[in-house]
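One structure is given here, and the rest of the page talks about it.
Residue numbers start from 1 in every chain, and the chains themselves are labelled A, B, ... in the order their sequence lines are given, proteins ahead of strands. For clarity, every value in this text was computed on a predicted model and none was experimentally measured.
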Protein chains: 2
Amino acid sequence: MARPTPETHAELLAAAARRFAVTGYKGTSLQDIAREVGCSKAAVLYHFANKEALLRELMAPAIAVLEALDARLAGHTGAAAQRVAAEGFVDLAVRFRREIALLRGEFPDLLQQPAFAHVQQVSERLIDAFAGHSDRPAARIAALVVLAGIAETCGEFLDIPDEELRPALLAVALRALEPTT
Amino acid sequence: MARPTPETHAELLAAAARRFAVTGYKGTSLQDIAREVGCSKAAVLYHFANKEALLRELMAPAIAVLEALDARLAGHTGAAAQRVAAEGFVDLAVRFRREIALLRGEFPDLLQQPAFAHVQQVSERLIDAFAGHSDRPAARIAALVVLAGIAETCGEFLDIPDEELRPALLAVALRALEPTT
DNA sequence: TCAGGTACTGACCGATCGGTCAGGCATGCT
DNA sequence: AGCATGCCTGACCGATCGGTCAGTACCTGA
């Protein structure tokens, strides 16, 4: 089974993304990933220090975009913040839907790992922006429904093009976030 | 550590609910549950045939209510179906928020087990009702955002009373499901 | 020609998983 | 007194987990 392919690193990353999306992070073993690529489990751990490092590398691009959105958010308040947050997050969710989908509810668990501690804070600021920086429970509830709903949904529509998914998600987000009279 | 408590069954159920809600189904071991109650792992498996049976018994009341909603859904179409589905699902989510929360994204995995196969079909009919029985992608996207958003959100507000959470969730659901002009 | 790095393997490790099993200890019926 | 039953235990099982390690085949530059 010895096959000298230097692109293995990228192949492993892609295989991990596929497996994580189906069976989740905890539900996928290094064996599973190795089998999909056709190499040994030891080869996986040659390319990545450990399982968490694999996940970290997989999520890095998405996290970078999330942090850019966070930075952009700082300059806005109220309804403007809502619109920037909705547009930015929908765009992120659509572009990285595969990466987001693979965390399928393991978010709470994974975010507690030190490697993702910062993401935790960023998403709290995102919810705050979705809520228009309001403390009203109704606003915070709506914010969380939109955030979680989009995150869970985007991964279910892997087959339709970005240009169709993006406006549909944005429309439902903006409707849901409309202020209660 | 021998303590003859015949209420152990109920205690185990409650402990399992608590642990599942924090670390998820896969992330919680029978040891964890046993430790929380103060008995042995073998005692857990004396009361429940296996881990899945424990989960099944834990979810049974919520599933019964879900199936009742499904039956009620059959008599409605279009906007009426949307309203019945939204009201019914929000009520279910609020009442059983702890049970729903503990499945944290493990839904896709768990629903594939034969014991929950029926729930899969019911939730597809629910999404269909949310979408007003429309085939338009935008309608189906909105439906999934609402369903997933509510399911994920309700478990995050364990401390506020039903009477406050219910109308807030219903309001955001109805706003999000408003037909696009 | 050969040293050294890259990419990998199979064997192995301790821990933990869900689950089994024989037995023990109260309690209550006969 | 004897025996069944309900409830529970500690010891144990095979499987699988993430991770380590010594060794090896191959390529490259000196």
Side-chain angles (χ1 to χ4, degrees), chain A residues 1-59 102-104 106 109-110 112-116, chain B residues 1-59 102-104 106 109-110 112-116:
Chain A
M1 317 246 162
R3 208 162 302 119
T5 11
E7 316 102 343
T8 307
H9 191 94
E11 277 179 37
L12 283 170
L13 228 35
R18 256 174 282 132
R19 296 305 311 159
F20 286 165
V22 175
T23 43
Y25 176 72
K26 272 185 303 203
T28 302
S29 69
L30 298 178
Q31 287 278 25
D32 292 335
I33 298 166
R35 196 180 306 121
E36 184 136 335
V37 168
C39 69
S40 69
K41 185 182 67 165
V44 180
L45 289 157
Y46 169 76
H47 286 277
F48 306 92
N50 49 46
K51 197 184 179 187
E52 193 205 308
L54 207 179
L55 177 66
R56 215 163 37 226
E57 193 167 325
L58 203 55
M59 299 300 291
L102 65 80
L103 293 182
R104 292 207 165 285
E106 293 179 294
D109 253 37
L110 295 175
Q112 255 152 325
Q113 295 185 248
F116 295 105
Chain B
M1 317 247 164
R3 205 163 304 118
T5 9
E7 316 104 343
T8 308
H9 190 93
E11 276 179 39
L12 283 170
L13 228 34
R18 255 174 284 132
R19 295 305 310 160
F20 286 164
V22 175
T23 44
Y25 176 73
K26 273 184 303 202
T28 302
S29 70
L30 297 179
Q31 287 278 24
D32 292 335
I33 298 166
R35 195 180 307 120
E36 184 136 335
V37 168
C39 68
S40 68
K41 184 182 67 167
V44 179
L45 289 158
Y46 169 77
H47 286 278
F48 305 93
N50 49 45
K51 196 185 179 185
E52 193 205 309
L54 208 179
L55 178 65
R56 216 164 36 227
E57 193 167 324
L58 203 56
M59 299 300 292
L102 63 80
L103 293 181
R104 293 206 165 287
E106 292 179 294
D109 254 36
L110 295 175
Q112 256 153 323
Q113 293 186 247
F116 295 105

Which is it for B/V37 and B/V44 under the side-chain contact (heavy atoms from CB on, under 4.5 Å) test, yes or no, and what are the steps along the way?
CA-CA 10 Å; B/V37 168; B/V44 179; over 6 Å; no

Every protein N/O lying under 3.5 Å from an N/O of nucleotides 15-20 of chain D:
residue	atom	partner	partner atom	Å
D/dC17	OP1	A/S29	OG	3.3
D/dG18	OP1	A/T28	O	3.4
D/dG18	OP1	A/K51	NZ	2.8
D/dG18	OP2	A/L30	N	3.0
D/dG18	N7	A/K41	NZ	3.0
D/dG18	O6	A/K41	NZ	3.4
D/dG19	OP2	A/K51	N	2.8
D/dG19	N7	A/K41	NZ	3.2
D/dG19	O6	A/K41	NZ	2.6

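Of the inter-residue distances, the one linking A/K41 atom NZ with A/D32 atom CG reads 11.0 Å to the nearest 0.5 angstrom. In this structure, the separation between CG on A/L12 and CG on A/L45 is 10.0 Å, given to the nearest 0.5 Å. One distance of note links OH of A/Y46 with OG1 of A/T8; it measures 10.0 Å at 0.5 Å rounding.
To the nearest angstrom, C1' of D/dC7 lies 14 Å from CZ of B/F48.
The side chain to side chain contact (heavy atoms under 4.5 Å, CB included) check on A/A42 picks up A/S40, with sequence neighbours excluded. The ring pair (Phe, Tyr, Trp, His ring centres under 6.0 Å) check on A/F48 picks up A/H9, with sequence neighbours excluded.
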Within the 4.0 Å limit for protein heavy atoms, which parts of nucleotides 22-27 of chain C are touched? Write it as a string from 5' to 3', B for base, S for sugar-phosphate only, - for none.
------

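For the OP1/OP2 pair of D/dC8 and a distance below 4.0 Å, the side-chain nitrogens and oxygens of B/H47 include at least one atom meeting the criterion. Applying the 4.0 Å criterion to OP1 and OP2 of C/dC8, one finds that A/T8 has a side-chain N or O inside that range. Between D/dC8 and B/Y46, no contact under 4.0 Å exists linking OP1 or OP2 to a side-chain N or O.
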Please tabulate, for side-chain N and O atoms in residues 17-27 of chain B, each donor-acceptor pair with protein atoms closer than 3.5 Å (sequence neighbours left out).
residue	atom	partner	partner atom	Å
B/R18	NH1	B/E36	OE2	2.5
B/T23	OG1	B/R19	O	3.0
B/T23	OG1	B/T28	OG1	2.6
B/Y25	OH	B/E52	N	3.3
B/K26	NZ	A/T23	O	3.3
B/K26	NZ	B/D109	OD2	3.2

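Taking all atoms of both residues into account, the shortest heavy-atom contact from B/F116 to B/M59 is CE2-CB, 4.3 Å.
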